[in-house]
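Comments concern the structure below.
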There are 2 protein chains.
Amino acid sequence: MSNNTIFIEKLRSSGLRPTRQRIEICKLLFDRKDTFHFTINDLNNSLTRITNEKISLATIYNTIHAFKEKGYLKEISINSNKTYFDTNISNHHHFFDEDNKELIDLNDKDVGKVKIKKILPGKKIKSVEILVKVANNN
Amino acid sequence: MSNNTIFIEKLRSSGLRPTRQRIEICKLLFDRKDTFHFTINDLNNSLTRITNEKISLATIYNTIHAFKEKGYLKEISINSNKTYFDTNISNHHHFFDEDNKELIDLNDKDVGKVKIKKILPGKKIKSVEILVKVANNN
DNA sequence: TTCCTAATTTATAATGATTCTAAAGTAGAG
DNA sequence: CTCTACTTTAGAATCATTATAAATTAGGAA
Ligand SMILES: [Mn+2]
Ligand SMILES: [Mn+2]
Ligand SMILES: [Zn+2]
Ligand SMILES: [Zn+2]
């Protein structure tokens, strides 16, 4: 209950009305100790499992896009038919486990400092992402 | 003509029959000085422009997948609804220009050596890709 | 509280890249 | 030349995502 107040405030302060659906999604995404990675499908499944009243898939897409827009989520660059999102919005990199299609965080200490020495005139760097693809040995 | 011989040999030696379609695609992809990046749609457009007899879209997909399988092409990890391919199969990284949705090579000298210090037991690193997203200043 | 309006949700259709299917065509060994 | 496995092909199917447009709701004003 009182926990929701934080999310309601967060939503309000972003110009987003605190609807039942958005609060439900906030709780699922942000009311936990550790950050995590998910696809829309993952999220939909979790929501179905956890909440009683159904949230439309369109609303899930809308909400996630709004949250990404506001900077509460990051979209991870990966070659997949599905889009991956991250509740860890800090600058960091990833392993992608090709066996179970899972992202795993690589924090800055796990990666030597990356220095981009080439510049493109008139262009500004928006992000630098490292993706390390891994798979089972054999 | 005699140029095709190289591609015919290349295809044969990979266990791929040198069909008219595959040779046409080889010429378009590999008969040039510089490597480049493309999507299936780009390739289809180029083929339509250059060749007289039409190549089915299904064949283009089949061929590109076969070429990737044989290691003649790389697929670039990028978050897009389209898949990007690269005729530069060496280890290198990319800028992605979000304004015109274009990939630009970053060779090893342009990027300080990347060292991954974390290991995942039982997992083998398949690739390390850096994607630097850029966009117009203003 | 009640009204009003814009924001939001929702079911459903549309989109578009990619993959599948199964029939027709072809390469090339013998 | 014949035969068969490989290849091409048109078209259908798939599936994540986006668009649509009608119903619902949040929240400020009266
Ligand atoms: Mn992709
Ligand atoms: Mn993607
Ligand atoms: Zn992450
Ligand atoms: Zn490249």
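Note that this is a predicted model, so its numbers are computed, not measured. Side-chain atoms are counted along with the backbone in the values below, which use heavy atoms only and exclude waters and symmetry mates. Each chain gets a letter, A, B and so on, in the order its sequence line appears, and its residues count up from 1.
Checking the phosphate oxygens (OP1, OP2) of D/dT18, no side-chain nitrogen or oxygen of A/Tyr61 falls inside 4.0 Å. The phosphate of D/dT18 (OP1 or OP2) has a side-chain N or O of A/His65 nearer than 4.0 angstrom. The phosphate of C/dA17 has neither OP1 nor OP2 within less than 4.0 Å of any side-chain N or O from B/Thr83. Contact annotation: B/Ser56 side-chain N/O to D/dT8 OP1/OP2 distance is not under 4.0 Å. Taking side-chain N and O atoms only, A/Arg20 has a distance below 4.0 Å to OP1 or OP2 of C/dT10. The phosphate of C/dT8 has OP1 or OP2 within less than 4.0 Å of a side-chain N or O from A/Arg22. Listed pair B/Thr19 / D/dC6 fails the phosphate criterion, with no side-chain N or O lying under 4.0 Å from OP1 or OP2.
No side-chain N or O of B/Lys74 forms a donor-acceptor pair with one of B/Ser127 less than 3.5 Å apart.
Each of A/Lys82, A/Lys68, A/Lys126 was scored for a salt bridge (Lys or Arg N to Asp or Glu O under 4.0 Å) with A/Glu75, with one residue passing: A/Lys68. The side-chain hydrogen bond (donor to acceptor under 3.5 Å, both in side chains) with A/His37 is formed by just one residue from the set A/Thr87, A/Asp42, A/Asp105; it is A/Asp105.
Taking atom CD of residue A/Glu53 and atom P of nucleotide D/dT25, one finds them 11 Å apart after rounding to whole Å. As a whole-Å value, the separation of B/Arg12 CZ from D/dC6 P is 15 Å. Counting to the nearest Å, the P atom of C/dT8 and the CD1 atom of A/Ile60 are 17 Å from each other. Atom CG in B/Leu47 sits roughly 15 Å away from atom C1' in D/dT9 (whole-Å rounding). Across the protein-nucleic acid pair, A/Leu11 atom CG and C/dA7 atom C1' stand 13 Å apart, rounded to whole Å. Between the CD1 atom of B/Ile55 and the C1' atom of D/dT7 there is a distance of 13 Å, given to the nearest Å. Atom CD in B/Gln21 sits about 9 Å away from atom C1' in C/dT26, given to the nearest Å. Going from atom CD1 of A/Ile78 over to atom C1' of D/dA16 covers 15 Å, rounded to whole Å.
Within the structure, ring pair (Phe, Tyr, Trp, His ring centres under 6.0 Å) contacts touching residues 95-133 of chain B (residues at least two apart or in different chains) are B/Tyr84-B/Phe96.
Positionally, the nearest nucleotide of DNA chain C for A/Lys54 lies more toward the 5' end than for the other of A/Lys54 and B/Leu57.
Nearest nucleotide to the A/Arg17 side chain, out of D/dT8, C/dT8, C/dA11: C/dT8. In the set D/dT9, D/dT7, C/dT10, C/dT10 carries the atom at the smallest distance from any side-chain atom of A/Asn62. Checking C/dA11, D/dA16, D/dG11 against every side-chain atom of B/Ala58, the shortest atom distance belongs to D/dG11.
Using cut-offs of 30° and 60° on the angle between ring planes, the pair B/Phe67 and B/Tyr72 is perpendicular.
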